[in-house]
Structure formats: C-alpha cells, structure tokens
Novice: 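Supplied in structure tokens, the structure appears directly below.
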Protein chains: 2
Amino acid sequence: MPSVIMNPPDALAQRLADSGLRSTPQREFIYGVLMKKRDHPTADEVYARVRADLPSISLATVYNCLETLVQCGLIRVVNFERGPTRYCPNLSPHAHFHDEQSGTIHDIDLPADLLEKVASILPPGFDAKSVEVTFRGKSQPAA
Amino acid sequence: MPSVIMNPPDALAQRLADSGLRSTPQREFIYGVLMKKRDHPTADEVYARVRADLPSISLATVYNCLETLVQCGLIRVVNFERGPTRYCPNLSPHAHFHDEQSGTIHDIDLPADLLEKVASILPPGFDAKSVEVTFRGKSQPAA
DNA sequence: CTAACAAATTGGAATGGTTCTAAGTAGCAA
DNA sequence: TTGCTACTTAGAACCATTCCAATTTGTTAG
C-alpha cells in the first residue's frame, strides 16, 4: 500500500530523499529546532539550540544543513541589512516586520491579491522570481 | 540678501552645515560620484571611481563619507542578501529589482497609493518607519 | 560480512565586507 | 600662536560565512 499519507513526521526525510539526499541526525534535529520554536533564528542561535541534543555538532554543519533545508524548500532565508542571516520556517507568503528596538522579527500575512498588485508594478521585461516586503520600525510589546 | 535660492550646486554643503558638519573635498567628490552615475555602487566601486579625482583617499573615508551622506538624507543604502551594501541616489519611493544574472539593480517606481496599501497590512501595534520592496529575477537587457 | 564508494560531518583556516583605533591633518576660534 | 574639534588615514580587528582537507557514516554490491 504505497499511498500512505505522509505527514510532517517525516516530511523532511521525504523531501531529502526526493533530492537524492540523506536523512541525518544533524538535519533532523536542525529541522526540529526550526519547527519547534518558529521564530527567526540565526545560524548561531540554531547552533546553540541544537547543541542541547547534539553536543558535538559543528557550526559548519549547521550552515550546511540549513542550506540543505533551504534547497529542499523546507525553510527560507531572511536577511536584514547586513545582519546575520536568519532562517524562517514560515513558507506561506508573508512580509517581515523588523522591530528595531528588540531586534525581533514578526511575520505579517501578505494577501495574495496585494502580492499580485505589487508584482504588477514591474514594467515589461522584468521577470520576478521572488518579491520581498520588509518593514522596519517599532512594534508594541502587545498581546 | 539672505533669501537666495540654493540649488543642487551645493545642496550638499547646505545639508552638511545643517547638521553641523563640514564640507570636505572627500564628501563633495563622493557625493558627485553618486550623482553623476546614478547606479547602485558598492563602497568599493565608489572608492574606485573617486580615486580618479582623489588618488589618496582611503577606503575608510569612503565608508565614513557614505555614512555621512546617508545620515544627511542625501543618499540611501540598499542591501541584497548578504552582498556588499549598495548606495542609492534615488530618494523617491521606489522598489528594487535585482537581476540575478547580471547583478544589476533597477529602480522600479512605486506608486504612493500602492505603498499605502502595502503599509495597511500591518496589524495595529506595528509602527513602520520604512517599507522595502525587493524583487529578484531576470530582466531583459532591453531598451 | 566486507569492500568500495559516495555523501555528510568536522575543525580550523581563509575570506570579504565593514568597523574600529590611534595617529596625523586641517580649519576655525580665542 | 594655542587650542579645539572635525575629519581623514592606514592598518588592525571583527564577524558571519565559506572553504578545505581529513574523518566518519551510510549505502550498495559482491
């Protein structure tokens, strides 16, 4: 019975296999870290978190694995100014709000129709593979 | 007669003075470089260009001056991924299109009403000081 | 089970853009 | 002049990231 529904439990192994890549503990734990606390950690932060489970992992591996996950389309990279690259588990279309005070990142839902309107400002001859909308400012500590 | 109209000739000196800063040859030439070829040069590129006129300028000074011009609101910084910071003389609201092939940047006019619509997706409690819209993809060599 | 191969991980060195530091210069003010 | 303060300079330092060469691990074939 090949038509078993494959749920998140091993979306990762699946995706990796699809790309001819192996499922390794390092990749699994790093993916787990991203899925568990769905913020926007830097490679260093991921490194710190994953070391709880894999004390001997190297930072180079963290970079490698994150890159792999990005390739597989399981996470995304986000950059602000020239700060360290952050990794984002949210795959649905959204903008980012960068709180200058706290340095935290908030995902802002980006309606499809607006996304379209934005894309439509491109003159003919421009073929965009991706659009990015980023806000900077301050946000209420709020609810 | 103090009410002489001060045109671009020395917008720079004016702005600097307003901020209690001095007009220096380095600042003038760097500003000139940005105004003349209105692309999106990196600090290194600015360095290269300005050395034609000021062979003994240092890279540190280029960074310093660019930062000063940014502070005065005469130019803007633009970042793509983690590539070197670029400097943009276009002060009107616009998006950036980053051509992945050639690495070139194109300014895309961003209508005020669209900018507003984009800003309006922010939930209450978010106070944006700036919005950035960035496209990545390929563009026709075109007209 | 073992050999052989490919993929992944590792630590450390190297890179590249940017910032820092300390010393020197320049221009204005008393 | 002396003294200030702003500015410039060269080079060192920094930091995130990538590269490298050497293991280690996993997989496959015999």
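Everything numeric here is computed off the predicted structure, so don't read it as measured data. Note that these values count all heavy atoms, side chains included, but never hydrogens, waters or copies made by symmetry. By convention in this document, chain letters (A, B, ...) are assigned in the order of the sequence lines, proteins followed by strands, and residues within each chain are numbered from 1.
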Novice: Nearest whole Å is fine: how far is C/dA7 C1' from A/Glu67 CD?
Specialist: 16 Å
Novice: In B/S/- notation, 5' to 3', how is nucleotides 8-18 of chain D contacted by protein heavy atoms closer than 4.0 Å?
Specialist: SBB-----SBB
Novice: Please confirm whether the backbone N or O of B/Leu21 pairs with a side-chain atom of B/Ser19, one donor and one acceptor, at under 3.5 Å?
Specialist: no
Novice: Report yes if the side chains of A/His40 and A/Asp107 come closer than 4.5 Å at any heavy-atom pair, otherwise no.
Specialist: yes
Novice: Salt bridge or not for B/Arg136 and B/Glu100, using N-O below 4.0 Å?
Specialist: yes
Novice: Please produce a list of atom pairs where a protein N or O lies less than 3.5 Å from an N or O of nucleotides 13-15 of chain C.
Specialist:
none

Novice: Nearest whole Å is fine: how far is C/dC28 P from B/Leu21 CG?
Specialist: 15 Å
Novice: Is B/Arg27 close enough and on-axis enough to B/Tyr31, meaning under 6.0 Å and within 45°, for cation-pi?
Specialist: no
Novice: For A/Arg51 and C/dT10, what is the distance between atoms CZ and C1' respectively, to the nearest whole Å?
Specialist: 13 Å
Novice: Using a strict cut-off of less than 4.0 Å between a Lys/Arg side-chain nitrogen and an Asp/Glu carboxylate oxygen, indicate whether A/Arg86 and A/Asp44 qualify as a salt bridge.
Specialist: no
Novice: Could you go through the side chain to side chain contact (heavy atoms under 4.5 Å, CB included) check for A/Arg49 and A/Val33 one step at a time?
Specialist: CA-CA 7 Å; A/Arg49 290 179 202 172; A/Val33 158; 3.9 Å; yes
Novice: In whole angstrom, what separates A/Leu69's CG from C/dA8's P?
Specialist: 12 Å
Novice: For the side chain to side chain contact (heavy atoms under 4.5 Å, CB included) test, which of B/Ile75, B/Leu66, B/Thr24 pairs with B/Ile30?
Specialist: B/Leu66
Novice: For the pair made of CG in B/Leu66 and P in C/dG17, what is the distance, rounded to whole Å?
Specialist: 15 Å
Novice: A/Ile105 vs A/Phe97, test: side chain to side chain contact (heavy atoms under 4.5 Å, CB included). Steps then yes/no.
Specialist: CA-CA 6 Å; A/Ile105 313 302; A/Phe97 187 99; over 6 Å; no
